[in-house]
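So that the names make sense, note that chain A is the first sequence line, chain B the second, and so on, each numbered from 1.
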Amino acid sequence: MTSHLNVDNLEIRYGDTAVEPAITGINLEIMQGEFVTVIGPSGCGKSTLLHAMGGMLAPASGGIYLDGTELTRPDPRQAAFVFQDYSLFPWKKVVDNVAMGLRFAGEDKKTALEKAAAELAFVGLGDKADKYPGELSGGMQQRVAVARALALKPKFLLMDEPFGALDEQTRRSLGQELTKILHDAGQSVVLITHSLEEAIFWADRIIVMKAGPGEVSKEIIVDEPWPRSLEFMTSERFENLRAELFHRIQPTTVSEAK
Amino acid sequence: MDTNTIVLARGRRPAIALNASALARKATLYRTALVLGFFVLWELLANIGAIDERSASKPTAILAAFGDMFAGNAETYQALSDTLYVLVMAFIIAVAIGMPLGLALALNATVRAAYMSIVIYLLGIPKTIFLPLFVLFFGLGNGSAIAFGAVLGFLQIAVNVVAGVDSIEPRFFRVTSAFGGSRWHSFVHVILPGAAPAIFAGLWHGVRNAFVGVLIAQMFVSNIGIGYLVKVYTNNFQIDNAMVLIIISAVAVILLGTLWELSEARLTKWKSTVRS
Amino acid sequence: MRAAPAAGPRRSIVWGLRILFLVVVFGGWALANATGSISPIILPQLSAVLVQSVELLGEADVWIALAITAFEMIVGFGIAAVAGLLVGFVLSRKPLRSAIFEKLLAWGYIFPISLVYPLFLIWAGVGLPSKILFAAASAFFPIAYNTMRGLSAVPARYLKVGQAFGASAQATDWHIRAGAARPMILSGLRLGVSMATVSVVLAEMLGANAGLGFMAQQASSQFQIPQAYAVILILVVMTSLLLWFMETLLRDPNERLKK
């Protein structure tokens with residue numbers, strides 16, 4: 001049976017009821033094996049949505065359900081999180097960082113370290129196990145953060161603008177490489193981004209949000225077959241999708257830019 | 001004092017590292033020359049009578065006194081071992097009070113709101129004011145010195161533990177909870193290692209202040225220990241002997257401080273990898 | 001990104017804990033008095049101490065002693081501040097100079113300087129000068145060290161901005177170095193204040209013929225215990241006010257904004 005993550009009429013508030021909710025009326029269903037990207041103007045609540053999906057925010061109403069069970073607290077074996085700022089522990093070696101979630105889940109040290117080493121090899125950092133995070137580049141640190149999440153074999157991987165802090169080139173090459181290995185492994189992913197390119201290139205489905213209050217304004221299916229090549233990025237289909245997304249999130253984006 | 005920045009510069013920029021270490025070597029050389037020059041000048045001025053040898057001693061006399069005091073003088077060894085014992089006791093008590101107090105202040109918002117200002121206040125005012133009370137409560141002898149050293153030490157340790165825990169970025173707690181970590185996990189995997197450098201520094205300030213406290217109390221009330229002997233020697237115009245003990249104390253503190261810095265760099269190696 | 005932002009600690013509990021602390025200290029004191037479990041030679045009646053304090057405040061001698069102690073602290077600190085700032089500034093001018101003296105000044109600061117006070121007594125006598133010199137010597141090292149470090153460790157990017165905007169040597173010193181070093185210099189001065197007060201009190205207790213520290217030491221060695229407590233109380237209030245005043249004076253404007 002394939003798993004599915006349901007967002008059911010979700011509303012999240014940061015203040016009391018007098019303040020406009022951060023997100024409201026969100027309904028989504030994400031199937032295992034699916035790649036979903038979430039895009040929207042700044043302040044549309046996409047990050048809030050993802051934190052809620054990770055069980056880190058209590059809903060004002062509605063809820064998050066995983067295979068029918070409500071998710072009320074972080075459960076990284078169900079949905080594991082990759083943070084934009086990596087947030088690796090600087091005092092732990094890379095391999096210990098990756099093993100962290102497994103240790104929290106009660107696995108013994110030896111097994112956890114073995115699994116962590118395997119996961120590091122999976123993201124191409126098998127030789128960096130004994131380094132400290134501070135000794136790695138930003139791109140490598142984010143790979144470690146991905147390995148840390150994958151080590152728990154989560155049903156869903158939640159990525160919060162994971163490449164936002166990287167330079168354009170690293171961002172693109174790391175993005176392509178990770179998409180490929182995650183897709184090949186059949187990993188389900190929910191990815192937040194503010195890059196139109198990423199939103200299209202990674203996605204089986206794009207969720208477009210609007211601000212004030214944060215709501216889903218449109219879902220777009222991208223039925224381009226995998227593996228996707230760079231040619232897709234220069235194709236007419238891609239350009240059309242890009243244009244559509246651009247117009248959908250443009251008004252706020254432009255005013256933000258000022 | 002700020003070794004971290006030095007280690008950082010060395011690790012990250014090899015070109016400058018060479019310059020920096022050349023500069024450091026040169027500085028060490030000049031510094032040694034300067035210190036030696038100071039003693040030579042002292043000796044000369046004392047010999048020509050510009051400095052009163054009776055009240056300020058001179059290096060050769062101190063050297064001679066050093067030999068005498070350690071050759072056949074049980075008093076010296078007794079003072080040193082008494083002081084060491086008192087210091088160790090004071091430090092143990094300081095840690096036993098300062099660490100739990102620091103953790104409680106750092107981790108519990110209510111305790112902090114209620115008592116942090118009191119601890120900061122106590123840290124700020126000169127504890128020497130209360131010396132006469134220490135004598136009343138702990139008597140003449142080791143008790144007062146241990147107690148006074150412990151008070152000076154534990155405040156430093158507690159405040160440094162709080163600063164260490166505060167320096168941990170909130171995102172690390174967020175990660176811990178996102179990965180299903182419990183409060184215990186966040187204590188063991190985040191708070192302790194994250195605060196370790198500051199706690200380590202706090203222990204050093206604790207030792208140093210405990211030592212200062214012990215010496216002060218020994219001068220003020222005690223009839224044993226280095227502090228007491230320095231006072232007695234000075235009052236008897238045996239300045240050479242007093243100088244020997246003063247120099248031993250200075251060297252001991254400086255050596256301990258250097259040792260602490262070196263082991264800190266070793267124990268918390270990760271610190272040097274973090275870019276600020 | 002936390003739901004239901006954790007409300008601050010409950011004010012009622014905080015005040016409860018503070019009052020509990022006072023109750024334990026003063027209640028314990030009163031209890032010890034009442035039961036006689038601590039001899040009055042060690043711990044006098046709380047009321048006796050308060051009465052004694054009020055009486056003492058009516059005596060001119062106490063005010064003179066207070067003025068002497070405060071004078072020693074302020075003048076000692078003042079000398080250390082001038083000397084420390086000057087020496088720190090001169091030493092910061094050349095990298096080699098700072099490298100040579102950085103360790104020496106740090107050592108001067110960690111050295112348990114109280115040990116040499118008996119020598120100050122011999123060199124400068126039992127009167128005010130020995131206290132003032134001793135306080136100045138104690139406070140000098142943190143001030144000089146921090147001034148030197150602050151001025152010589154100005155981040156290169158600030159200096160680059162100055163260069164890019166064509167700042168003269170003086171403008172660089174004044175607008176960039178002094179500004180960047182200010183927090184560290186101020187913290188050195190605050191350390192200096194605290195060193196000066198500690199040293200003066202200690203010096204007055206170890207060997208003096210005037211001042212509140214001397215009075216406290218005299219009273220306790222003559223077993224006039226309530227009076228010793230009262231003088232100590234006055235000394236605590238006086239130094240607290242002095243420290244508070246100096247702290248306010250020497251607080252970094254940026255820190256004030258943050259608060």
Contacting region of B:Phe237 [heavy-atom separation from chain C under 4.5 Å]
side chain
Please determine, among B:Phe211, B:Tyr30, B:Tyr115, the option with the most heavy-atom pairs under 4.5 Å with chain C.
B:Tyr115
Pairs of heavy atoms under 4.5 Å with chain C: top-ranked of B:Leu136, B:Val253, B:Ile129
B:Ile129
Taken to the nearest 0.5 Å, the spacing of B:Ile246 CD1 from C:Phe111 CZ works out to 6.0 Å
Would you confirm whether C:Thr197, through its side chain, and B:Pro126, through its main-chain N or O, come within 3.5 Å as a donor-acceptor pair?
no
Chain C heavy atoms under 4.5 Å from B:Val35: which part of the residue, side chain, backbone, both or neither?
side chain
Check for a donor-acceptor pair, side chain of C:Arg10 on one end and backbone N or O of B:Thr110 on the other, with a separation under 3.5 Å.
no
Segment of B:Ala56 engaging chain C (4.5 angstrom heavy-atom cut-off):
both
Show the numbers, then the answer: is there a side chain to side chain donor-acceptor pair (under 3.5 Å) between B:Tyr121 and C:Ser240?
CA-CA 9 Å; B:Tyr121 173 72; C:Ser240 300; 2.5 Å; yes
If you take all heavy atoms of B:Ser55 and C:Ile122, which pair is closest and at what distance?
CB-CG2, 3.5 Å
Geometric cation-pi criterion B:Arg208 and C:Tyr109, 6.0 Å radius, 45° cone
yes
Side chain, backbone, both or neither of B:Leu29 within contact of chain C (heavy atoms, under 4.5 Å)
neither
Do the side chains of C:Ser114 and B:Leu215 get nearer than 4.5 Å, heavy atoms only?
no
Decide if atom CZ of B:Arg171 counts as having more than 12 heavy atoms of other residues, nucleotides or ligands within a radius under 6.0 Å.
yes
Would you mind telling me which of C:Val200, C:Thr239, C:Ile113 has the largest number of heavy-atom pairs within less than 4.5 Å of chain B?
C:Thr239
So, taking the atom named CG in C:Leu202 and the one named NZ in B:Lys127, what distance separates them when rounded to the nearest 0.5 Å?
13.0 Å
C:Leu96 and B:Leu23: CA distance, side-chain angles, deciding distance, side chain to side chain contact (heavy atoms under 4.5 Å, CB included) verdict
CA-CA 7 Å; C:Leu96 181 62; B:Leu23 182 78; 3.9 Å; yes
Interatomic spacing from CD1 in C:Ile100 to OG1 in B:Thr32 - rounded to 0.5 Å:
10.0 Å
At under 4.5 Å between heavy atoms, what parts of residues 218-228 of chain C are in contact with chain B? List them by residue number.
C:Ser220, C:Ile225
Taken to the nearest 0.5 Å, the spacing of B:His205 NE2 from C:Ile110 CD1 works out to 10.0 Å
Once you round to the nearest 0.5 Å, how far does CE of C:Met205 lie from CE of B:Met219?
13.0 Å
Leading residue by heavy atom contact count with chain C [cutoff under 4.5 Å; candidates B:Asn235, B:Val212, B:Ile125, B:Ile216]
B:Ile216
C:Lys103 side, atom NZ; B:Thr28 side, atom OG1 - distance, nearest 0.5 Å
6.5 Å
